[in-house]
Amino acid sequence: MDVSKMTVSINKAINTQEVAVKEKHARTCILGTHHEKGAQTFWSVVHRLPLSSNAMLCWKFCYVFHKLLRDGHPNVLKDSLRYKNELSDMSRMWGHLSEGYGQLCSTYLKLLRTKMEYHAKNPRFPGNLQMSDRQLDEAGESDVNNFFQLTVEMFDYLECELDLFQTVFSSLDMSRSVSVTTAGQCRLAPLIQVILDCSHLYDYTVKLLFKLHACLPADTLQGHRDRFMEQFTKLRDLFHRSSNLQYFKRLIQIPQLPENPPNFLRASALSEHISPVVVIPAEASSPDSEAVSEKDDLMDMDASQQSLFDNKFDDIFGSSISSDPFNFNNQNGVNKDEKDHLIQRLYREISGLTEQLENVKAESQRATLQLKGQVSELEAELAEQQHLGRQATDDCEFLRTELDELKKQREDTEKAQRSLTEIERKAQANEQRYSKLKEKYTELVQSHADLLRKNAEVTKQVSVARQAQVDLEREKEELESSFKRVSDQAQRKTQEQQEVVESLKQELATSRQELHVLHGSLETSAQSEAKQATQIAELEEERGSLVSTVAHREEELSALREQLESTQVKLAGAQESVCQLAKDQRRALLLGSRKAAERVIQEALSWLEEPTLVSCAGSADHLLSKVKSVSSCLEQLEKNHSQYLACPEDIGGLLHSVTLLAHLTSDTIAHGSATSLRAPPEPADSLTEACKQCGRETLAFLSSLEEEGAVEKADSTALRTCLHKIKAIGEELLPRGLDIKQEELGDLVDKEMAATSAAIETATARIEEMLSKSRAGDTGVKLEVNERILGSCTSLMQAIQVLIVASKDLQREIVESGRGTASPKEFYAKNSRWTEGLISASKAVGWGATVMVDAADLVVQGKGKFEELMVCSHEIAASTAQLVAASKVKADKDSPNLAQLQQASRGVNQATAGVVASTISGKSQIEETDNMDFSSMTLTQIKRQEMDSQVRVLELESQLQKERQKLGELRKKHYELAGVAEGWEEGTESTSPSLQEAEPEKE
């Protein structure tokens, strides 16, 4: 094949259009590798393509390369191993792109690398993974260790295939018909190769696991079984989803895995395993011809079955019409004895036929299983032959291409007048070769036709077997219905036997009448005297047999009545024992629940004796909520108790209420102990004693539920009294911040925000006033420093004003989006924790602005310290960060107002940095003007000053360390006091995020 033609085909197959690769281009690439016995041309063309920058090119490259590894020349793998690291780098690069074909290319490249490594490590496996059982055994070299390692590698191989499967499906919108669009087909096309690989890997994995279970203990292979179960579930689901797509229905026949996985612990289950066969149809067959053929087959089968049935009937009952025992027209009279014998004979024959039918059913089932196995083998053989036929077709096409090229060369040589005789000889040889290949192709076509005819015969046999199976199932259903009818008749046996007795009596009366008739006919017909005498004797015998039958039926009826009475007695005793057992079980359940509840409460009471076991710091409002829950549970318990007294069978609600009361009471005692740790001594002692009394009263109340007589007298008055006492103490311990009515929180938020804005405006006006005074009274360096510091402070106040406006807009948006039909005040009252956080943050911003202006005033006057101004700026930044955090707790992350607030927060941070920078710069500038003059000092004076400076440095360092520790303790105490004042709780989402974000800003 011409290299240029292969290059053109590669470029046409790997392009930027989002359509599936045409098979003719991919087939040309495959034939090219066989022509040059390698993949040098393929890789030389691919290296010129921008695979790292275009995802579509990379996706189609992966598809073409996958087909070359499967169906190309074996040297394709050897020529491609050198590029394995490049594929890994490209996979990692595309893995960073989460949209489009990025993840698809990354997963596909990872699969190709795994496929190359597997086949390089196991060269016995061809690229298309088609192997016989003997070749599979040879691959493991009959060594259990090799089989174990080979199974692990197959699991990894199949895992990569399933990852690509799932990635492609997850990238498609399955709510639409994606398989009929070009974009969907472009993504689904590589899955055909994946399905072919997965079917072989699944089959080999099952066979290897059976081999391993035959040699190793089951516990050793538990990991293998778990991993197989996971992959089996995924593969079955993916095969099912793929078979429903229209795109695959015309290109490939996807096998369906069994509903249950193979049982590897049972060695005989290997014979039940059917290898999945993927069929790629060469061309669609005519549905009309198939329908006609199937109809003819069914007609032939019905005719043969009817003939067989007629012969069977003739063998049993005879074929002569004149000898038909049921034809009574030719008889001169009614012969009862012959009729009875005939009926008995027919009953015996029916029993024999029933046994024969069961044998036929068993044989049919065995034949069905054998036929299914043969069908599976023939389907696998047919798929293999079809694949060989397609390979032969590809070879023929390749040879035709070579023949065309040779013909062109012959024409060129004729024109050039070179070696005419040699060229003619080559042409004749090529013609002979073509004739041989044509003959071979004809043989393959004939073999293919034979296989198709064989497949049609097998299909006919399968249809016959299926019809037989349907008939057997129908007969089975009829037998089941007959058995059900017999069961129903057994229940009415007593009545039926009474009816039989009545019918026998009627028959006896009829026989007597017939006897009188015979006596009359004896008198009137002397010629038939002997015959009638015989009939009379027979009728007498029949009457005697009927009388004995009646007596026998009556005995059976009496026996059945006795059996029914004994059964009723046993049933009454069983019902009584069941009722007693159910009562005892209910009592045991109630006793067990009560003991478990007592253990929970006693454990909670032990916590009161060991306060160190309580690791949380409780709050009064949380304790009140727990008391409220206990009261509600107690009411529900009393209601369930009343229901239990009315209906002892309804014990489920009472057991649930007892358990819930124990756990809620335990939580109340624990939170009461935790709350007492932070309360003053006197209320803490009262609260602890009330919790102990509550636990004791709960135990007493639960104890009253033990005895049956005490259950009706259970009283919870004392327990309610203890709960009221705990509630009263908790209300006294509520923090001052909770004294504000929730209806006033909304007004308080607006007031605090307005007060903060007013404080900022006042601070701005004071800074302008200080700047004017400094310009009037200061000159030189001092005026420059003051202008720089006051200007940065003004910028900070302006940035804070912008942040407050943004915070108001965001709060308004939060209230409008979250309140629904409620008013803003109701929304603030409902979210009181969040509202209190906003109030606290607003207060902190206003206070910080006032303190910073005071510090700036002292610095300008020369009475203050630059460090105080820097600390104040840091405090303002921390307070604004707290306001931002409190504002965005309930905000939508995509809100434009939130983005504006964050931008304003960054402006505040920049302005704060400007204040700090201008302060540091001014401090250094002023210190440079105060240069020290040591020219007039003596050596002794300088030494003295040096020692004093060292002493001062040590004192300042020690003082700095102490101040830092003091600052940490002050901050800790500040957070605790602020939490108590504002009603915060540890771990709540309303204020903790703001504190956590404000802490780094303060640092």
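Please read all numbers here as calculations on a predicted model, not as lab measurements. FYI, side chains are in, hydrogens and waters are out, and symmetry mates aren't considered; it's all heavy atoms of this structure.
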Run the side chain to side chain contact (heavy atoms under 4.5 Å, CB included) check on L136 and F125 step by step: do they pass? CA-CA 8 Å; L136 184 62; F125 285 81; 3.9 Å; yes
Would S275 and K207 count as a side chain to side chain contact (heavy atoms under 4.5 Å, CB included) if you check the C-alpha gap in whole Å, the side-chain angles of each, and the deciding distance to 0.1 Å? CA-CA 10 Å; S275 301; K207 294 177 179 178; 3.9 Å; yes
Test side chain to side chain contact (heavy atoms under 4.5 Å, CB included) applied to L357 and L353, step by step: CA-CA 6 Å; L357 179 60; L353 290 175; over 6 Å; no
Would D156 and R227 count as a salt bridge (charged side-chain N to carboxylate O under 4.0 Å, His left out) here? Give the steps. CA-CA 10 Å; D156 298 337; R227 194 171 182 185; 2.5 Å; yes
I would like to know whether F210 and T205 meet side chain to side chain contact (heavy atoms under 4.5 Å, CB included); could you show each step before the answer? CA-CA 9 Å; F210 273 110; T205 304; over 6 Å; no
Stepwise salt bridge (charged side-chain N to carboxylate O under 4.0 Å, His left out) test for R400 and D404: CA-CA 6 Å; R400 285 197 188 97; D404 294 337; over 6 Å; no
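Between D163 and K110 there is no salt bridge, since no side-chain N of the basic residue sits under 4.0 Å from a carboxylate O of the acidic one. Salt-bridge annotation for R134 and E138: present, with a side-chain N of the basic residue lying under 4.0 Å from a carboxylate O of the acidic one.
No donor-acceptor pair closer than 3.5 Å links the side chain of Y63 to the backbone N or O of A26. In this structure, T220 contributes its side chain and L216 its backbone to no donor-acceptor pair below 3.5 Å. Counting only distance, with no hydrogens or angles, the side chain of S106 and the backbone of S91 share a donor-acceptor pair below 3.5 Å. Looking at H240, its side chain never comes within 3.5 Å of a backbone N or O of R236 through a donor-acceptor pair. A donor-acceptor pair under 3.5 Å is absent between the side-chain atoms of Y108 and the main chain of C58, judged by distance alone. In this structure a side-chain-to-backbone donor-acceptor pair under 3.5 Å is present from N122 to Y118.
With rounding to the nearest 0.5 angstrom, the OG atom of S199 is 8.5 Å from the CG atom of L129. The structure places CG of L172 at 8.5 Å from CG of L245, a figure rounded to the nearest 0.5 Å. Separating the OG1 atom in T393 from the CZ atom in R390 is a distance of 9.0 Å, to the nearest 0.5 Å. Rounding to the nearest 0.5 angstrom, the gap separating the OG1 atom in T33 from the CD1 atom in I30 is 7.0 Å.
Smallest separation of non-hydrogen atoms from G38 and N75: CA-CB, 4.0 Å. P190 approaches W59 most closely through the heavy-atom pair CG-CZ2, 3.5 Å. Scanning all heavy atoms of the two residues, the minimum distance from C198 to E161 falls at SG-CB, 3.6 Å. When all heavy atoms of A39 and D79 are compared, the pair lying nearest together is N-OD2, 2.9 Å. Looking at every heavy atom in both residues, E18 comes nearest to A183 through OE2-CB, 3.5 Å. Residues A189 and Y247 come closest through the heavy atom pair CB-OH, 3.6 Å.
Between F42 and F65, the ring planes lie parallel to each other; the angle is under 30°, not in the 30° to 60° tilted range. Under the 30°/60° scheme for interplanar angles, the aromatic rings of H34 and H73 are found to stand perpendicular.
Side-chain contact between F165 and K234 is absent, with no heavy-atom pair separated by less than 4.5 Å. Using a 4.5 Å heavy-atom cutoff, the side chains of V168 and T107 are not in contact. Counting heavy atoms from C-beta outward, L382 and Q386 have side chains that approach closer than 4.5 Å. Taking the side chain as every heavy atom from C-beta outward, V278 and F239 never approach each other to under 4.5 Å. When side chains are defined from C-beta on, K60 counts as touching V19, because their heavy atoms get closer than 4.5 Å. Using a 4.5 Å heavy-atom cutoff, the side chains of Q231 and Y202 are not in contact. P258 places none of its side-chain heavy atoms less than 4.5 Å from the side chain of H273. Residues L162 and L235 have side chains in contact (heavy-atom distance under 4.5 Å, counting atoms from C-beta outward).
Q103 and S171 share no side-chain donor-acceptor pair at under 3.5 Å. For the 3.5 Å distance criterion, the side chains of R266 and S268 qualify, holding a donor opposite an acceptor. Between the side chains of N145 and Q149, no donor-acceptor pair is found at a separation under 3.5 Å. Neither side chain, Q135 nor R124, offers a donor N or O lying under 3.5 Å from an acceptor on the other. H66 and D197 are linked by a side-chain donor-acceptor pair at a separation below 3.5 angstrom, with hydrogens and angles left out of the test.
Because its NZ or CZ atom is not both nearer than 6.0 Å to the ring centre of F264 and within 45° of the ring axis, R225 does not count as a cation-pi partner of that residue. Cation-pi geometry between R27 and F398 is not satisfied (NZ or CZ under 6.0 Å from the ring centre, within 45° of the ring normal).
Residue pairs meeting the side-chain hydrogen bond (donor to acceptor under 3.5 Å, both in side chains) criterion with at least one partner in residues 254-263, sequence neighbours excluded, are S243-Q256. Listed by first then second residue, pairs satisfying ring pair (Phe, Tyr, Trp, His ring centres under 6.0 Å) with a partner in residues 352-379 number zero, not counting sequence neighbours.
The ring-ring contact (aromatic ring centres under 6.0 Å, His included) check on F148 picks up H224, with sequence neighbours excluded.
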